[in-house]
Student: 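The structure is given below, and queries will be raised subsequently.
Lettering of chains follows the sequences in order, A, B, ..., and the numbering in each one begins at 1.
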Number of protein chains: 2
Amino acid sequence: MSTASGRRRGRPSRAESENGSPGARERILESARAEFARRGYDLASVRAIARGADVTPALVHHYFGTKEQVFAAAVRAAVEVAARAFAAAEPTGPDGFGESFTRLFFGVWENPTTRGPLLALFRSAANNDTAAAIFRGAITDHLLSRVAGALSEPDAELRAELAAMQLVGVVLGRYVLGLEPLASTDAEVLIRRLAPVVQHHFTGPATAF
Amino acid sequence: MSTASGRRRGRPSRAESENGSPGARERILESARAEFARRGYDLASVRAIARGADVTPALVHHYFGTKEQVFAAAVRAAVEVAARAFAAAEPTGPDGFGESFTRLFFGVWENPTTRGPLLALFRSAANNDTAAAIFRGAITDHLLSRVAGALSEPDAELRAELAAMQLVGVVLGRYVLGLEPLASTDAEVLIRRLAPVVQHHFTGPATAF
DNA sequence: GTTTTTATTAATCATGCGTTTAATTATTCT
DNA sequence: AGAATAATTAAACGCATGATTAATAAAAAC
């Protein structure tokens, strides 16, 4: 691999990039996704992103502007994919919510191309207010709104949040903390375990004692 | 050794000021707890901690050594309090685990003096491997070990982790993300909602509620 | 009153950060 | 061929970081 600092100045000749390898812009995006996913927004550095893309920091700014805009560009695609998945899900009756939501949730988190950006958003949300707001908005818009509309109980929002936080907590343990055996358990097993719990949050009795 | 008093020569360490106000060492610890809780390990700065304690950064290093040691000192107390709470809990039969654990959990998280350091650990664990290891260790040592011993099922660890992640997820939504209405709901209400779910994870059937 | 020990600060070092500006080279349009 | 434009880097700016060193002040013990 050629180091960015060793490369000749100026625009590269077409011969240098005529192979199938992706252009600098794509490489930057890919590196940004990886870096944000590994370290979260604040700890990821434009310089490290540039290094990972074999490029100069100035080029990152040339293509994307500020660090915040790099983050937005890196995360946007995955958030939209997840949002579309939730929006396009065939509507189920209240009895089907549990499994339906659990499956959708693991669908996007087990997908390697969406997991990275979602991890980036997750890690960032723990320390960065802007990222936290995006995360909160994603949950509110794509999860709570659909459920609250279909559920009649007055505590529908709380129910949906408790269900969502069960799933989010599992994501934390599985992908961020690397808790065993949780991290190595087959996703299908987790879905079968969690779907009834999520369903209970949605429609079960509020207390059992 | 000829000293009758047994006191060491020289200026005493950790001198408290004459009035009731806390000495520099205590102020540093307090500021560190606040700063780590607000920003997480990596984003909190020794300089900001010093500023909050009305002290020079060099003094922070003088008392605690490296930043990592400051973090350990700031978090240790709360982790020990939480650990003691879990260790001292009167043992309940398997049927009482759900409510018992949920109560213990919210007990330490609703306590203002332990919440700060726990938040610090939580935020830090999202981006820092060392903090993640501490967090993982705390869950494994004080939660899983007790449950796994008392439960006979071969999947006891997985069950305990799913239960723990339900509670941790709620903590995320309530204290970190500030999800409404979750953040404003009375803790007792949450306990009553969550205890049966936790109980189910521990002893319920694997695929139905 | 000298010695010993602690408390505290000022100054500094090396490093990394986000960002900007100017320069250089290659491609494309006329 | 010449002009315009796009891709890319080098160099720098100002600031924040974690940590160290050397110095000064104060208190206690002798």
Student: Rounding to a whole Å, what distance do you find between B:Asp54:CG and C:dT9:C1'?
Tutor: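 My rounded result for the distance is 13 Å.
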Student: Has B:Tyr63 got a side-chain N or O lying under 4.0 Å from the OP1 or OP2 atom of C:dT8?
Tutor: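 Yes, such a contact exists.
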Student: Please figure out whether A:Ala58 or A:Ala48 has its closest DNA chain C nucleotide nearer the 5' end.
Tutor: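 Taking each residue's closest nucleotide, the earlier one in sequence belongs to A:Ala48.
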Student: Any chance the rings of A:Tyr175 and A:Phe122 have centres within less than 6.0 Å?
Tutor: no
Student: Which whole-number value in Å describes the distance from B:Arg27 CZ to C:dA7 C1'?
Tutor: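 In whole Å, C:dA7 C1' and B:Arg27 CZ are 12 Å from each other.
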Student: From the list D:dT17, D:dA10, C:dA10, which nucleotide is the closest neighbour of the side chain of B:Arg51?
Tutor: D:dT17
Student: Among C:dT8, D:dT8, C:dT19, which nucleotide sits nearest the side chain of B:Leu59?
Tutor: C:dT8
Student: Applying the side chain to side chain contact (heavy atoms under 4.5 Å, CB included) test to B:Val170, which of B:Thr102, B:Thr185, B:Leu194 qualifies?
Tutor: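 Going through B:Thr102, B:Thr185, B:Leu194 one by one, the side chain to side chain contact (heavy atoms under 4.5 Å, CB included) with B:Val170 is satisfied by B:Leu194 alone.
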Student: Below 4.0 angstrom from OP1 or OP2 of D:dT17, is there any side-chain N or O of B:Ser45?
Tutor: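 Result: yes.
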Student: If every non-hydrogen atom of B:Thr56 is compared with every non-hydrogen atom of B:Ala50, which pair is closest and at what distance?
Tutor: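 B:Thr56 and B:Ala50 have their closest heavy atoms at C-CB, 3.7 Å.
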Student: Could you state the interatomic distance from CD (A:Glu35) to CG (A:Leu43), rounded to the nearest 0.5 Å?
Tutor: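 A:Glu35 atom CD to A:Leu43 atom CG measures 9.5 Å (nearest 0.5 Å).
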Student: For A:Tyr41 and C:dC17, what is the distance between atoms OH and C1' respectively, to the nearest whole Å?
Tutor: 12 Å
Student: Would you say A:His201 and B:Gln166 are linked by a side-chain donor-acceptor pair, where the criterion is simply a distance under 3.5 Å?
Tutor: yes
Student: Between P on D:dA16 and CD1 on B:Ile49, what's the gap in Å once rounded to a whole number?
Tutor: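 So the CD1-P distance, B:Ile49 to D:dA16, works out to 17 Å.
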Student: Whole Å only: how far is the NE2 atom of B:His61 from the C1' atom of C:dT9?
Tutor: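 One finds 15 Å between C1' of C:dT9 and NE2 of B:His61, rounded.
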Student: Determine the minimum heavy-atom distance between B:Ala85 and B:Leu104, stating which atoms define it.
Tutor: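 Distance-wise, the nearest heavy atoms are O-CD2, 3.6 Å.
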Student: Between D:dG18, C:dT19, D:dA7, which nucleotide has the shortest distance from any of its atoms to the side chain of B:Val46?
Tutor: D:dG18
Student: I'd like a table of donor-acceptor pairs (distance under 3.5 Å, sequence neighbours excluded) in which one partner is a side-chain atom from residues 64-72 of chain B, with atom names and distances.
Tutor:
| unit_1 | atom_1 | unit_2 | atom_2 | d |
| --- | --- | --- | --- | --- |
| B:Thr66 | OG1 | B:Glu68 | N | 3.4 |
| B:Thr66 | OG1 | B:Gln69 | N | 3.3 |
| B:Thr66 | OG1 | B:Gln69 | OE1 | 3.4 |
| B:Lys67 | NZ | B:Tyr41 | O | 3.0 |
| B:Lys67 | NZ | B:Asp42 | O | 3.3 |
| B:Lys67 | NZ | B:Ala44 | O | 2.7 |
| B:Gln69 | OE1 | B:Thr66 | N | 2.9 |

Student: Rounded to whole Å, how long is the line connecting atom CD1 of B:Ile28 with atom C1' of C:dT8?
Tutor: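 Taking atom C1' of C:dT8 as the reference, CD1 of B:Ile28 is at 10 Å.
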Student: Return whichever of A:Arg47 or A:Ala24 has its heavy-atom-nearest nucleotide of DNA chain D closer to the 5' end.
Tutor: A:Ala24
Student: How close or far is atom P of C:dG18 from atom CG of B:Leu43, stated in whole angstroms?
Tutor: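 Whole-Å distance recorded here is 12 Å.
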Student: Please work out if A:Ala44 contacts a base, only the sugar-phosphate, or nothing of the nucleic acid, heavy-atom cut-off 4.0 Å.
Tutor: sugar-phosphate
Student: Of the residues in residues 65-72 of chain A, which ones touch DNA chain D at a heavy-atom distance under 4.0 Å?
Tutor: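 Nothing qualifies; none.
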Student: Nearest whole Å is fine: how far is D:dT17 C1' from B:Asp42 CG?
Tutor: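 Answer to the nearest Å: 12 Å.
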